[in-house]
S.K.: 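Just dropping this structure here.
We name chains A, B, ... by the order of the sequence lines, and we start the count at 1 in each one. A quick note: this is a predicted structure, and the numbers were derived from the prediction, not measured.
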Amino acid sequence: MGAAGQEYPDDALGCRVMRATTMLLQTLREAPGDAEAISHQLLARAGFLRRLASGIYSYPPLGFRVLRRLEEIIREEHARIGAEELLLPALHPREVWRASGRDVTMDEVLMRVSARGGDFVLGPTHEEVVTALVDEQVSSYRELPRLVYQIQTKFRDEARPRFGLLRTREFIMKDAYSFDASADGMRATYRAFYDAYCRIFDRCGLPYTPVEALSGAIGGDVNHEFMVPSPIGEDRFASCTACDYAANLEAAETGAPAAPAGASDEGLVEHHTPDAPGIDAVVEHFADRGLTAAGMLKCIAAVDDDGAPVVLLVPGDREARLEGGLRVFDDADFEAHPSLVKGYIGPMGLRERGVRVVADPLVAAGGPWATGANRFEHHVTGATLGRDFDVDEWRSVAVAREADPCPRCGAPLDIVQAVEAGHTFQLGTVYSAGAPGATFVDEDGVEQVMWTGSYGIGVGRLMAVIAESHHDEHGLAWPAEVAPFAVHLLSLGAQRNPEVAERADALHDALVAAGVEVLYDDRDASPGVKFADADLLGIPTQVAIGGKGLARGVAERKDRASGERDEIPLEDVVASLTGRS
RNA sequence: CGGGACGUGGCGCAGCUUGGCAGCGCGCCUGCUUUGGGAGCAGGAGGUCGCGGGUUCGAAUCCCGCCGUCCCGACCA
């Protein structure tokens, strides 16, 4: 055994605690009862994280090393596109959020703090702060573009933290922000970030799909989510089985449906349908006519950006997609528009009453329809497009389903459950033109507004997603680039065999000297315990030194991911692990 | 915020129905024996049974209130 307190050089992560006997690490045979997701169970069992409170986690050294690895990959790829790292305050004067209006729009997730200096917000994101910073320091087009990023803890008062690191109240986030002199510049910068993101996720060993997304509360136009398929995903996206079309289900369109059904001479008939405000109740009422939900026309009343009423039409067995700006009617809206009867809306005569009608193309392919009669407790059957009602605008507003046609090529769509691991936005001038604002003087001496983008990756979430997709029944199996150590060295039976201890100690020292990041399991534990823990921790390469191998002058090596084993002559171990064989 | 479940040593759980010395497995400490895929024996440490109140001679157990945690839903840069 090496002398206690012996000094070793710091490794690449600035850590010299590499012996299991001196590391703050406890593995658990059983997962904590509050861990549901497999990633959460394994990360907790292997000692990568500990829960302090709901959605708040500590990272013991092993987990911290994985975070540092992820950060290093992110730093390298950001450096490649010329982005500079900076650090921003976590504590923001509440006035900053009042000025941008997001104290209202993000009200529910803001964590507020009062202190002697006044009222503060724990930053959930930093667009306002960084925009103000760049505006102060940049005044000329000559200084643009500017690309900056931060890696730091952010806070959101999540309604429901879940699945371990997937959704937490305090989380480590990489956020980047870009400032350009023109829309074209912004688009070029966006492309650079998009490519950097692909490299980052590739290096993390993740199967990912960039999907088109809605922009949500952040605002802006073009944006992509980087999705990793997973059963714990909170999102779903549509993905074409033939071309590269992929979009979040909230944004996914579908192609034109099959040819319209043959003409029918069924007349429009009004029926008394007491106590049947929903699709299910109406279907039951007309059960003897063979009506199904697919034969009903679902009519959703909404209000658009300008406050004007819109009715969306989709088949009754479909969900309607409310695109940006549309808001479903509340009770006050129904009072303001008495011609739209809650629970009994039909498309007939709406245009005449100044209500815009937007229909999914599926509506043209079906019918005649059963639908609301615009009269309390009455529905109609036989409603036919062109005869009984018309449509102002045809648009894909039904939520896509498995096997729906792709909007680009018509091939069937897959629906995939996934985790959003990263998100890139072209913000345009949303923040730079408003408060706090960011402007510069162009080559003609005229003041212009900067064109901006923002680009986020949840670092803790990334760790969970990698664990989710890199494990087996024995434990974790980290991809090489993100593993906490490169090599897990196990001494077997060192207590009773001094030569094993000597050889293992010497090998540990030699590996450290050669710059190999090695975790040395020098505990006085049985071989079974060490093997089981090694498989649980998931360090890519395991090297075992034991009496059996020693007798033949070899160490045994196992590749954690594939399970493949081989033997290496002791004198060749360092060379083979450093790639110099 | 709505629905459901659960809070008992570091971790996993039993005990609660029917009130009567707080238990089991893992982990931890000491000793001996073991030793190539989560060893055995012996001894030991560690718990205000989530918190507060009530009922009772007596409450982990029954009643009331609160807090916390997880799951489903709503929400979600």
S.K.: Going 5' to 3' through nucleotides 36-41 of chain B, assign each nucleotide B (protein heavy atom under 4.0 Å from a base atom), S (under 4.0 Å only from sugar-phosphate atoms) or - (no protein heavy atom that close).
M.R.: BBBS--
S.K.: Rounding to a whole Å, what distance do you find between Asp107(A):CG and C75(B):P?
M.R.: 16 Å
S.K.: Taking atom P of C75(B) as reference, at what distance in whole Å does atom CG of Leu166(A) sit?
M.R.: 18 Å
S.K.: Given atom CD of Glu108(A) and atom P of C1(B), what is their separation to the nearest angstrom?
M.R.: 10 Å
S.K.: Between the protein and nucleotides 72-74 of chain B, list the N/O to N/O atom pairs that are separated by less than 3.5 angstrom.
M.R.:
residue : atom : partner   : partner atom : Å
C72(B)  : OP2  : Arg160(A) : NH1          : 3.1
C72(B)  : OP2  : Arg160(A) : NH2          : 2.8

S.K.: Atom OH of Tyr57(A) and atom C1' of U69(B): how far apart are they, to the nearest Å?
M.R.: 10 Å
S.K.: Quick one: list whatever passes ring-ring contact (aromatic ring centres under 6.0 Å, His included) with Trp478(A), sequence neighbours left out.
M.R.: Phe48(A)
S.K.: The criterion is salt bridge (Lys or Arg N to Asp or Glu O under 4.0 Å); which residues satisfy it with Arg75(A), sequence neighbours excluded?
M.R.: Glu71(A), Glu72(A), Glu85(A)
S.K.: My understanding is that only residues two or more places apart in sequence, or in another chain, count here; which of them pass ring-ring contact (aromatic ring centres under 6.0 Å, His included) with Phe226(A)?
M.R.: Tyr194(A), Tyr197(A), Phe201(A)
S.K.: Could you state the atom-to-atom distance from CZ of Arg167(A) to P of C71(B) in whole Å?
M.R.: 12 Å
S.K.: Return the set of residues passing side-chain hydrogen bond (donor to acceptor under 3.5 Å, both in side chains) with His78(A) (not counting sequence neighbours), or none when no residue passes.
M.R.: Lys174(A)
S.K.: Is Ala31(A) touching bases, backbone alone, or none of the nucleic acid, heavy atoms closer than 4.0 Å?
M.R.: sugar-phosphate
S.K.: Give one of base, sugar-phosphate or nothing for Pro124(A), where a contact means two heavy atoms less than 4.0 Å apart.
M.R.: nothing
S.K.: Within this structure, what is the CG-to-C1' distance between Asp34(A) and G10(B), rounded to whole angstrom?
M.R.: 14 Å
S.K.: Do any N or O atoms from the side chain of Glu420(A) and from the backbone of Met227(A) form a donor-acceptor pair under 3.5 angstrom?
M.R.: no
S.K.: Within the distance-only criterion (no hydrogens, no angle test), does the side chain of Arg321(A) pair as donor or acceptor with the backbone N or O of Glu250(A) below 3.5 angstrom?
M.R.: yes
S.K.: Hey, which sits more toward the 5' end of RNA chain B by its nearest nucleotide, Phe171(A) or Gly55(A)?
M.R.: Gly55(A)
S.K.: Taking atom C1' of C71(B) as reference, at what distance in whole Å does atom CD of Glu234(A) sit?
M.R.: 13 Å
S.K.: Measure from CD on Gln26(A) to P on G27(B) and round the result to the nearest Å.
M.R.: 11 Å
